[in-house]
Amino acid sequence: MNITLDVIIAGITIATFTAAVMRVTVIRPISDKLTQINDSIVSLRNKLEEIDRRSNDLRVRIAAIETSIKSLQHQINDLKEGK
């Protein structure tokens, strides 16, 4: 069985065309979606970090408020006792 140059060229042409079609119809859309997913993940990560910072700030503020309330409660108790 002899393979001629025409058959080899035809095979390469078909393979190249098939690869191009696969790239356009399959690989590019998947790549685009992966980029969108990555961008969404980065955005979510940034939002979570912001929420974490705000949460920590609120914890600090709550601790300060609790300390103030305890101090005020002691002052109220002292006033009730007539000190």
Side-chain angles (χ1 to χ4, degrees):
M1 178 177 203
N2 292 332
I3 298 179
T4 64
L5 184 58
D6 291 338
V7 173
I8 293 173
I9 291 173
I12 292 172
T13 303
I14 291 170
T16 303
F17 178 76
T18 302
V21 168
M22 290 296 291
R23 181 162 194 226
V24 169
T25 60
V26 177
I27 295 172
R28 186 176 294 155
I30 289 173
S31 178
D32 292 345
K33 292 297 180 185
L34 287 175
T35 300
Q36 289 175 355
I37 289 170
N38 187 52
D39 292 344
S40 296
I41 289 171
V42 169
S43 176
L44 286 172
R45 182 180 296 130
N46 292 337
K47 288 178 183 178
L48 285 173
E49 288 172 355
E50 177 62 27
I51 289 169
D52 192 40
R53 280 192 295 275
R54 289 173 49 196
S55 175
N56 287 336
D57 291 345
L58 290 173
R59 283 187 189 108
V60 169
R61 290 178 65 191
I62 288 171
I65 290 170
E66 286 175 341
T67 301
S68 295
I69 289 173
K70 286 179 185 178
S71 175
L72 290 172
Q73 186 62 47
H74 287 302
Q75 291 175 8
I76 291 170
N77 290 340
D78 290 344
L79 288 172
K80 282 183 181 178
E81 293 173 5
K83 292 184 180 179

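Just so it is clear, the values below take in all heavy atoms, side chains as well, and ignore hydrogens, waters and symmetry mates.
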What do you reckon, is CZ of Arg61 surrounded by more than 12 foreign heavy atoms closer than 6.0 Å?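 Not buried by this count: 12 neighbours or fewer within 6.0 Å.
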
Using the rule that two of Ile, Leu, Val, Met, Phe, Trp, Tyr join whenever any of their side-chain heavy atoms come within less than 4.5 Å, decide whether [X] and [Y] are in one cluster.
X	Y	result
Val24	Phe17	no
Ile30	Val21	no
Met22	Leu34	yes

Just verifying a value: how many Å separate Thr13 OG1 and Asp6 CG, rounded to the nearest 0.5 Å?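 So the OG1 of Thr13 and the CG of Asp6 are separated by 10.0 Å.
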
How long is the gap from CD1 on Ile69 to CD1 on Ile76, to the nearest 0.5 Å?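 Reported to 0.5 Å precision, the distance equals 10.0 Å.
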
Would you please test Asn77 and Gln73 for side-chain hydrogen bond (donor to acceptor under 3.5 Å, both in side chains) and show each step? CA-CA 6 Å; Asn77 290 340; Gln73 186 62 47; 3.2 Å; yes

Is it true that Asn56 and Arg59 share a donor-acceptor pair across their side chains at a distance under 3.5 Å?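 Yes, a side-chain donor-acceptor pair sits under 3.5 Å.
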
Counting N and O atoms only, with roles assigned by atom type, does the side chain of [X] sit under 3.5 Å from a partner on the main chain of [Y], one being a donor and the other an acceptor?
X	Y	result
Ser55	Ile51	no
Ser40	Gln36	yes
Ser43	Asp39	no

Please walk me through it: do Glu50 and Arg53 pass salt bridge (Lys or Arg N to Asp or Glu O under 4.0 Å)? CA-CA 5 Å; Glu50 177 62 27; Arg53 280 192 295 275; 2.8 Å; yes

Consider side chain to side chain contact (heavy atoms under 4.5 Å, CB included). Of Thr18, Ile12, Ile14, which one does Thr16 pass it with?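 When Thr18, Ile12, Ile14 are each tested with Thr16, the side chain to side chain contact (heavy atoms under 4.5 Å, CB included) holds only for Ile12.
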
